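Keep in mind that what you see is a predicted model, and the values were worked out from it rather than measured. FYI, side chains are in, hydrogens and waters are out, and symmetry mates aren't considered; it's all heavy atoms of this structure. We count residues from 1, following the sequence as given.
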Amino acid sequence: MLIKVPKASDCHESDVTPESIYLSRRNVLSVAVTGLAVSGLPRWAAADDVARYADVEPGKAPVWFSEKLSSVKWGAVVVKDEAITPFKDATHYNNFYEFGTDKGDPAANAGTLKTEPWSVVVDGEVGKPGRYALEDFMKPYQLEERIYRLRCVEAWSMVIPWIGFPLSALLKEVEPTSKARFIRFETLQDPKSMPGQRSGFALIDWPYIEGLRLDEAMSPLAILAVGMYGRVLPNQNGAPLRLVVPWKYGFKSIKSIVRISLVGEQPKTTWQSIAADEYGFYANVNPTVDHPRWTQARERRLPSGLFKPNVRDTQLFNGYSEEVASLYTGLDLRKNY
Ligand code: MTE
């Protein structure tokens with residue numbers, strides 16, 4: 001993960017992310033809501049409404065998703081005064097090494113990922129282990145829209161409207177035992193549909209693995225996402241089920257999850273195994289702890305052009321200090337990066 005970070009001084013005052021995304025409703029309020037949305041991020045809620053974003057291609061959603069869409073709690077968490085990243089950027093500038101290492105590879109190649117049927121294994125230190133068909137796995141949960149900043153360790157960022165449910169709700173369902181101290185996630189391993197896993201040059205020892213401390217996983221901000229921009233997750237964004245932990249660098253937000261294990265020991269995670277001095281287990285967004293090869297003090301908010309970079313200061317915990325700083329009281333964030 002090596003990229004060139006433009007200097008903040010390259011940024012011009014006129015470089016603002018276009019507010020190209022706005023909401024409309026199926027019902028008669030569409031004109032009024034659209035008007036409201038251009039002056040800032042809207043809050044919205046109405047049981048029979050479906051959020052629609054202007055530039056979004058509709059996805060082919062499974063029945064369980066379409067049924068749940070009618071009761072989504074829209075705008076449950078929003079980001080004030082920051083524009084949502086256009087759908088096109090969020091779906092064509094991706095990291096999903098199973099489909100290639102270039103930013104455009106996931107959009108070009110992830111069509112081969114078969115997301116139906118899909119099953120998720122829950123195992124390890126839990127009272128209720130099992131293998132669940134995704135539609136059964138999803139049954140207990142009410143979906144919410146969470147608009148979160150996403151900050152990649154490579155120093156680019158976006159604002160994404162996810163649809164998902166709190167990870168804490170899953171933990172309540174599966175009943176971790178007293179021995180559970182960490183949660184470990186595993187991505188699908190299927191070289192037939194994932195060309196990156198067939199490549200002899202891949203750095204990664206597949207499958208992709210991520211993990212959280214159990215108290216981090218219980219944070220109300222941590223979610224499992226099944227959709228974004230009012231629709232089902234596109235394959236390149238980690239369909240059909242991915243983690244989203246917005247105060248951590250994006251590599252923690254593991255895609256296309258097939259196994260969730262409660263464990264006693266800190267799991268060995270993918271990027272930590274590749275370069276432990278560059279990518280830590282915690283990976284909390286921190287502008288004062290640089291990556292050995294580049295600064296983490298600033299970020300490029302996409303869309304951002306080469307000649308007109310849209311650069312902003314990075315915030316501690318990606319702007320979510322109030323919600324998560326207490327998880328790290330007494331922990332040296334320089335050592336535990
Ligand atoms: N999950 C898997 N399985 N494989 C990956 O390569 N890349 C990570 C994370 N999850 C990755 C993954 C990285 S580095 C980032 S920044 C985010 O996904 C990017 O998410 P996005 O493409 O939806 O923006």
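The backbone N or O of Gly264 lies less than 3.5 Å from a partner atom in the side chain of Arg181, making a donor-acceptor pair. Checking side-chain atoms of Thr112 against main-chain N and O of Ser193 turns up a donor-acceptor pair under 3.5 Å. When atom types are taken as modelled, the side chain of Thr187 and the backbone of Ile257 share no donor-acceptor pair closer than 3.5 angstrom. The backbone N or O of Val245 lies less than 3.5 Å from a partner atom in the side chain of Ser253, making a donor-acceptor pair. At distances below 3.5 Å, at least one donor-acceptor pair connects side-chain atoms of Arg198 with backbone N or O atoms of Pro191. Between the side chain of Asp105 and the main chain of Thr101, a donor-acceptor pair closer than 3.5 Å is present. For Gln142 (side chain) and Ser71 (main-chain N/O), a donor-acceptor pair under 3.5 Å exists by modelled atom type. Lys252 places no side-chain N or O within 3.5 Å of a backbone atom of Asn284 that could act as its donor or acceptor partner. For Asn235 (side chain) and Ala110 (main-chain N/O), a donor-acceptor pair under 3.5 Å exists by modelled atom type. No side-chain donor-acceptor contact under 3.5 Å links Lys73 to the backbone of Glu145.
With Leu134 as the fixed residue, the side-chain contact (heavy atoms from CB on, under 4.5 Å) test singles out one of Val120, Val226, Thr115: Val120. The residue from Trp74, Trp162, Phe87 that alone fulfils the ring-ring contact (aromatic ring centres under 6.0 Å, His included) condition with Tyr229 is Phe87. Between Leu167 and the choices Leu212, Ile223, Val244, Leu221, the side-chain contact (heavy atoms from CB on, under 4.5 Å) rule is met once, by Leu212.
Side chain to side chain, Tyr53 and Arg231 fail the donor-acceptor criterion of an N or O pair below 3.5 Å. For the 3.5 Å distance criterion, the side chains of Asn95 and Glu154 qualify, holding a donor opposite an acceptor. The closest side-chain donor-acceptor pair between Tyr132 and Trp118, if any, does not fall under 3.5 angstrom. In summary, the side chains of Thr269 and Gln272 do present a donor paired with an acceptor at a separation below 3.5 Å, with no hydrogens or angles considered. Looking only at atom types and distance, the side chain of Arg151 has a donor-acceptor partner in the side chain of Thr314 under 3.5 Å away.
Taking the side chain as every heavy atom from C-beta outward, Met228 and Asn237 approach each other to under 4.5 Å. Side-chain atoms of Phe281 and Gln266, non-hydrogen and from C-beta on, do get closer than 4.5 Å to each other. Counting heavy atoms from C-beta on, the side chains of Ile260 and Ile183 come closer than 4.5 Å. Considering only heavy atoms from C-beta on, Pro287 stays 4.5 Å or farther from Gln296 through its side chain. In this structure the side chain of Tyr208 reaches within 4.5 angstrom of the side chain of Phe251, judged on heavy atoms. Using a 4.5 Å heavy-atom threshold, the side chains of Ser273 and Tyr279 count as separate. Side-chain contact between Met138 and Leu143: present, with at least one pair of heavy atoms (C-beta onward) separated by less than 4.5 Å. The side-chain heavy atoms of Arg184 and Glu186, taken from C-beta on, include a pair separated by under 4.5 Å.
The aromatic rings of Trp294 and His291 lie parallel to each other, with less than 30° between the two planes, well short of the 60° mark.
In this structure, Asp215 pairs ionically with Arg213, as a charged nitrogen and a carboxylate oxygen lie closer than 4.0 Å. A salt bridge does not link Lys268 with Glu210: none of the charged nitrogens is closer than 4.0 Å to a carboxylate oxygen. Electrostatic pairing of Arg149 and Glu82 counts as a salt bridge here, judged by a charged N lying under 4.0 Å from a carboxylate O. A salt bridge does not link Lys114 with Glu116: every distance from a Lys NZ or Arg NE/NH1/NH2 to an Asp or Glu carboxylate oxygen is 4.0 Å or more. Using a cut-off of 4.0 Å between Lys/Arg side-chain N and Asp/Glu carboxylate O, Asp123 and Arg259 are scored as salt-bridged.
Linking Ile, Leu, Val, Met, Phe, Trp and Tyr whenever their side-chain heavy atoms come within less than 4.5 Å puts Ile163 and Val79 in one cluster. A continuous path of Ile, Leu, Val, Met, Phe, Trp and Tyr side chains, each step under 4.5 Å between heavy atoms, connects Val77 with Leu243, placing both in one hydrophobic cluster.
A distance of 6.0 Å separates CG of Leu262 from CG of Leu171, quoted to the nearest 0.5 Å. The CG atom of Asp89 sits 8.5 Å away from the CG atom of Asp55 when rounded to the nearest 0.5 Å. Rounding to the nearest 0.5 Å places CG of Asn286 at 15.0 Å from CH2 of Trp247.
Applying the 4.5 Å side-chain rule to ILVMFWY residues, one finds Tyr337 in the same cluster as Val289.
Both the sub-6.0 Å distance and the 45° axial angle are not jointly satisfied by Lys248 relative to the ring of Tyr320.
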Determine, stepwise, if the pair Ile160 / Ile84 fulfils side chain to side chain contact (heavy atoms under 4.5 Å, CB included).
-> CA-CA 6 Å; Ile160 313 260; Ile84 291 174; over 6 Å; no
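The six-membered or imidazole ring of Phe317 lies near that of Tyr328, with a centre-to-centre distance under 6.0 Å. Trp271 and Tyr97 have their aromatic ring centers within a separation under 6.0 angstrom.
Residue-environment remark: CG (Asp205) stays at or below the threshold of 12 foreign heavy atoms within 6.0 Å.
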